[in-house]
2 protein chains.
Amino acid sequence: MATPTMALPLSTQAEQLKERLLDTLRQRGLRMTPQREAVLDVFFTLPEGDHLTVEEIFEEMGNQPQAELTASVSLATTYRTLKLFVSMGIIRELDFSEDHKHYELIRNPEAPHHHIICMDCGKTAEFESPEIAALVERLAREKNITVVDAQLKIFAECANMVDDDGMFSDHDSLKK
Amino acid sequence: MATPTMALPLSTQAEQLKERLLDTLRQRGLRMTPQREAVLDVFFTLPEGDHLTVEEIFEEMGNQPQAELTASVSLATTYRTLKLFVSMGIIRELDFSEDHKHYELIRNPEAPHHHIICMDCGKTAEFESPEIAALVERLAREKNITVVDAQLKIFAECANMVDDDGMFSDHDSLKK
DNA sequence: ATGGTTGCAAACGATTTGCATTCCC
DNA sequence: GGGAATGCAAATCGTTTGCAACCAT
């Protein structure tokens, strides 16, 4: 058994997630389809922490060379599938105040992470925060609510494209 | 001279804000118009902490009885004006993961506040947090960024419409 | 077989924009 | 007077939906 701190190989992670997906689908009387698998696969194709737009996910599938891994999926189905996955807690919907949403895989549901968005260059950085986790937990108790997700968004200007620790990833957020 | 902790009368607040607006407009070679004043007035007509949609702001102006205070403003101009005000730091754009944005007056730029959004009933609650303020400040220093705004959004389910301290205000967020 | 799923294209809804007209400064 | 601002309607653009065909269970 791997310890919690030991990162699992991607393939195993993917398998586990697909199991989870399949279970939830069955519970709801829904079905597994090549399209749904294709969308899920996209998130494993890309580096962790990436948050893609629907358009990007759609194109990613169209460009996939291996026909076995990803079937052709229509835009409409892509939308439908993403919505479904969000409702199942498999991916998270992000909003960077743009005209479109971003989506990211929830690898560890217990560790929601937060974003810094540069309003000039549009890059984003992510970070986790025990402080916020504690705060959210306290609020949940105080107000008697069940927290589904919590996200801190910091809109900022990263003077000179600061990239001190390689955290900033390239995205098109908040551009104008 | 009023102390910082003493709340200013609304009318004075409004005057001050209009001054600020006028100054910024002049700096940019822009003009004051009855439409812009009308939009600004809407935010003073309503209770503090309200976050309105464009549609609501638009209708609010149409219903205004006093012709002096609010002229008729087209939807297009409402959009244009809101965008302008946001760029001027006079109002804040909020995103509750709905299909439309919300706007609120920034009464105190130093005290950004955060939101809890109930995914079931769509109500929202607001709160401030010194913890987050401190965290954001630390991050700003560490990453050498200039923070423009920071918002924590907590998506939750408020069991039984909990309204323990009257914080929840009625909004249509995240419905469905 | 029999609902859940998909693709397609049409429909939608929020927001933006071109352009002629109006009106601050 | 002259450029900024407005109103109107048309245009955009992301997202949703109706419906017939399809396919997983």
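Here is the naming used below: chain letters follow the sequence lines, and residue numbers restart at 1 for every chain. Everything numeric in this text was worked out from a predicted model, so none of it was measured.
Atom P of nucleotide C:dA14 and atom CG of B:D95 are separated by 14 Å, given to the nearest angstrom. Atoms CZ (B:F85) and P (D:dA5) sit 11 Å apart, rounded to a whole Å. Remark: C1' of C:dG4 and CD of A:Q27 are 17 Å apart, rounded to the nearest angstrom. Rounding to whole angstrom units, CZ of residue B:F96 and P of C:dA14 are separated by 17 Å. For the pair B:L30 CG and C:dC23 C1', the interatomic distance rounds to 15 Å; values are reported in whole Å. Nucleotide C:dA14 holds its P atom 15 Å from the CD atom of B:E93, rounded to whole Å. Distance CG (A:L82) to P (C:dT5): 15 Å, rounded to an integer number of Å. As rounded to whole Å, 17 Å separates atom C1' of D:dA5 from atom CG of B:L40.
The ring pair (Phe, Tyr, Trp, His ring centres under 6.0 Å) search around B:H114 returns B:F127, not counting sequence neighbours. Looking at residues two or more places apart in sequence or on another chain, you find a side-chain contact (heavy atoms from CB on, under 4.5 Å) between B:R20 and B:L17, B:I90.
With distances taken from any side-chain atom of B:T77 to the nucleotides D:dT6, C:dT15, D:dG3, the minimum falls on D:dT6. Comparing D:dC8, C:dT15, D:dA4 against the side chain of B:A76 picks out D:dC8 as the nearest. When distances are taken from the side chain of B:H100 to each of C:dG7, C:dT2, C:dA14, the shortest belongs to C:dA14. Across C:dT15, D:dT25, C:dC25, the shortest atom-to-atom separation from the side chain of B:M32 is found for C:dC25.
Under the 4.0 Å criterion applied to side-chain N and carboxylate O atoms, B:D23 and B:R28 are not assigned as salt-bridge partners. A salt bridge does not link B:D95 to A:K101: none of the charged nitrogens lies less than 4.0 Å from a carboxylate oxygen.
A donor-acceptor contact under 3.5 Å is formed by the side chain of B:R80 with the base of D:dG7. Contact of A:R28 with C:dG4 (side chain to base): no donor-acceptor pair of N or O atoms is detected under 3.5 Å.
One finds no side-chain N or O of A:S74 lying less than 4.0 angstrom from the OP1 or OP2 phosphate oxygen of C:dT6. At the phosphate of C:dG7, OP1 or OP2 sits under 4.0 Å from a side-chain N or O atom of A:Q35. Proximity of B:Y79 to the phosphate of C:dT16: no side-chain N or O atom is located under 4.0 Å from OP1 or OP2. Between A:K83 and the phosphate of D:dT16, there is a side-chain N or O to OP1/OP2 separation shorter than 4.0 Å.
Side-chain atoms of B:T78 and B:T81 form no donor-acceptor pair, as typed in the model, at a separation below 3.5 Å.
When each of A:V54 and B:R36 is assigned the nucleotide of DNA chain D bearing its nearest heavy atom, the one mapping closer to the 5' terminus is B:R36. Taking the nucleotide of DNA chain C with the nearest heavy atom to each of A:L75 and B:T33, the more 5' of the two is matched to A:L75.
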